[in-house]
Chemist: 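There's a structure below that I have some questions on.
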Number of protein chains: 2
Amino acid sequence: MMVAYSPEIELDSVDQKILQILQNDGRLTNAELAKQVHLSPPAVHARVKRLEQKGVIARYVALVDRQKVGYDNLCFVEFSLQLHRYEQIQNILDKVTSWPEVLECHNVTGEYDYVLKVAVKNTQSLEHFISKKMIPLEGVAKVHTTLVLKEVKATTAINILDD
Amino acid sequence: MMVAYSPEIELDSVDQKILQILQNDGRLTNAELAKQVHLSPPAVHARVKRLEQKGVIARYVALVDRQKVGYDNLCFVEFSLQLHRYEQIQNILDKVTSWPEVLECHNVTGEYDYVLKVAVKNTQSLEHFISKKMIPLEGVAKVHTTLVLKEVKATTAINILDD
DNA sequence: CTAGTATGCTGAATATCATTCAGAATGAGG
DNA sequence: CCTCATTCTGAATGATATTCAGCATACTAG
């Protein structure tokens with residue numbers, strides 16, 4: 001069965017399986033992938049290239065163990081904007097997204113306007129981030145920080161298969 | 001200069017550069033990587049293998065464009081536990097982390113005990129997740145959902161280089 | 001029903017790349 | 001100054017991706 005999610009992109013069950021597998025091992029060899037989906041290597045290769053070209057596979061990345069490189073400290077930083085400063089949004093977002101400690105920035109509903117996922121080395125660097133980077137931002141009203149005590153689950157893989 | 005973050009793991013500036021590069025392109029060829037860090041392919045290969053073996057590089061993954069596969073809807077679901085149900089924590093976490101729509105689960109400080117990052121297809125599936133999966137969990141007190149209106153930045157790459 | 005066309009497959013051939021290895025260079029410690 | 005450990009390089013090898021010709025299948029139009 002074909003499933004068209006987004007316009008122009010149809011994924012059959014083999015495509016779905018390929019995505020499911022590559023989301024868990026982005027470096028699996030083409031031959032091994034072919035074996036798992038019961039196709040020949042060239043057939044799988046063509047499908048993977050198509051998925052890359054269509055942007056379904058956005059990119060391949062190596063995931064680094066944060067703790068092993070000293071970025072043990074994860075937190076969520078929420079902030080909202082001053083009502084009369086909405087023309088500065090882009091300016092603020094440009095700055096915020098340029099900071100390497102900011103892994104994610106989401107515009108959200110609720111009490112705050114934005115949520116950041118931030119990785120820092122320790123409490124000192126977090127304090128520095130909040131007081132020297134966040135607070136001085138022109139147009140920011142409230143800032144609220146939530147510390148992550150334990151990362152219970154962390155995956156980048158979304159469920160592609162039909163439910 | 002050598003930097004020892006975690007015990008037994010030292011990363012020189014070449015290792016750091018390798019990590020920086022592979023975090024942005026996990027499928028870069030060894031030869032190309034070698035060129036970028038000004039070393040021979042075998043030398044780089046040995047370093048990458050060492051980083052993998054030490055667990056600094058945890059894994060390689062393909063990142064899928066959520067919108068292109070119909071999982072447009074991202075949200076944060078916070079919940080806290082009933083005080084007298086703390087013995088059920090593991091039970092709850094086992095269930096929560098087994099659900100494929102839950103990408104992340106963090107134990108956090110603040111008003112709620114846990115924050116989930118959840119990817120669903122649409123409002124219906126979010127409603128289903130909240131009312132049919134979260135609410136029925138024995139021992140869960142409060143549940144609060146924040147919708148992501150726009151993903152402004154999303155990276156998995158942490159800044160390895162010294163600051 | 002059938003010719004024509006498009007799509008997607010396979011297996012063999014080729015090209016690219018990872019991986020191994022021997023030997024050379026470098027730096028630290030005695 | 002010598003020795004050992006580390007890490008490098010370049011050449012050789014092996015594994016893998018990639019290309020291609022030919023074949024099967026399904027769909028379309030007459």
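Proteins get letters first, then strands, A, B, ... in listed order; numbering begins at 1 in each. Only a predicted model underlies this, so the values are computations on that prediction, with no experimental measurement involved.
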Chemist: Counting the atoms with a prime plus P, OP1 and OP2 as sugar-phosphate, which does A:A31 contact under 4.0 Å by heavy atoms, base, sugar-phosphate, or nothing?
Modeler: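 The residue A:A31 makes sugar-phosphate contact but no base contact.
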Chemist: Can you tell me which nucleotide in D:dC20, C:dC21, D:dC8 comes closest to the side chain of A:P42?
Modeler: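 That would be D:dC20.
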Chemist: Whole angstroms only, please: what is the NZ-P distance between B:K49 and C:dT19?
Modeler: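 Nearest whole value for this atom pair: 5 Å.
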Chemist: I need the CD-C1' distance between A:E52 and D:dT18, as an integer number of Å.
Modeler: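 My rounded result for the distance is 13 Å.
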Chemist: Measure from NZ or CZ of B:K142 to the centre of the six-membered ring of B:Y112, then state whether that distance is under 6.0 Å and the direction lies within 45° of the axis.
Modeler: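 Geometry flag: set, cation within 6.0 Å and 45°.
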Chemist: Quick check on the hydrophobic clustering: are B:L63 and A:L63 connected, directly or via other members, by side-chain heavy-atom contacts under 4.5 Å?
Modeler: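 Yes, B:L63 connects to A:L63 through the hydrophobic network.
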Chemist: On DNA chain C, does the nearest nucleotide to A:V44 precede the nearest nucleotide to B:N30 from the 5' side, or the other way round? Give the residue.
Modeler: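 Final value for this comparison: A:V44.
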Chemist: Measure CD/B:E32 against C1'/C:dT16 and give the value in whole Å, please.
Modeler: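 Spelled out: CD on B:E32 to C1' on C:dT16 is 13 Å.
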Chemist: Figure out the CG/P separation between B:D15 and D:dT6, and round it to whole Å.
Modeler: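 So the two atoms are 15 Å apart, to the nearest Å.
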Chemist: With a 3.5 Å cut-off and no angle check, do the side chains of A:D12 and A:Q16 form a donor-acceptor pair?
Modeler: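 Result is no, nothing qualifies.
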Chemist: In this structure, how many angstroms lie between the P atom of D:dT6 and the CZ atom of B:R47, rounded?
Modeler: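 Distance check: B:R47 CZ to D:dT6 P gives 14 Å.
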Chemist: In whole angstrom, give the distance that lies between atom CZ of A:R27 and atom C1' of D:dT16.
Modeler: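 Value for this atom pair: 13 Å.
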Chemist: Between B:R59 and A:N24 (side chain of the first, backbone of the second, donor and acceptor by atom type, cut-off under 3.5 Å), is there such a pair?
Modeler: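 Yes, B:R59 side chain to A:N24 backbone: donor-acceptor pair under 3.5 Å.
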Chemist: Nearest of C:dC9, D:dT18, C:dC17 to any side-chain atom of B:T29?
Modeler: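 Nearest listed nucleotide: C:dC17.
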Chemist: For the side chain of B:H45, counting heavy atoms from C-beta on, which of C:dT10, D:dT9, C:dT19 is nearest?
Modeler: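 My answer, after comparing the listed nucleotides, is C:dT19.
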Chemist: Rounded to the nearest angstrom, tell me the gap between atom CG in B:L33 and atom C1' in C:dA18.
Modeler: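 B:L33 atom CG is separated from C:dA18 atom C1' by 12 Å.
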Chemist: Among C:dT10, C:dA18, D:dT9, find the nucleotide with the atom closest to the side chain of A:S40.
Modeler: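 Output: C:dT10.
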Chemist: Write down the distance between CG (B:D12) and P (D:dT6), rounded to a whole number of angstrom.
Modeler: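 To the nearest whole Å, that distance equals 15 Å.
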Chemist: Which listed nucleotide (D:dT7, C:dT19, D:dT19) is nearest to the side chain of B:P41?
Modeler: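 Selected nucleotide (nearest to the side chain): C:dT19.
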Chemist: Do we get A:R66 above A:Y71's six-membered ring, with its NZ or CZ under 6.0 Å from the centre and within 45° of the axis?
Modeler: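 No, cation not above the ring by the 6.0 Å, 45° rule.
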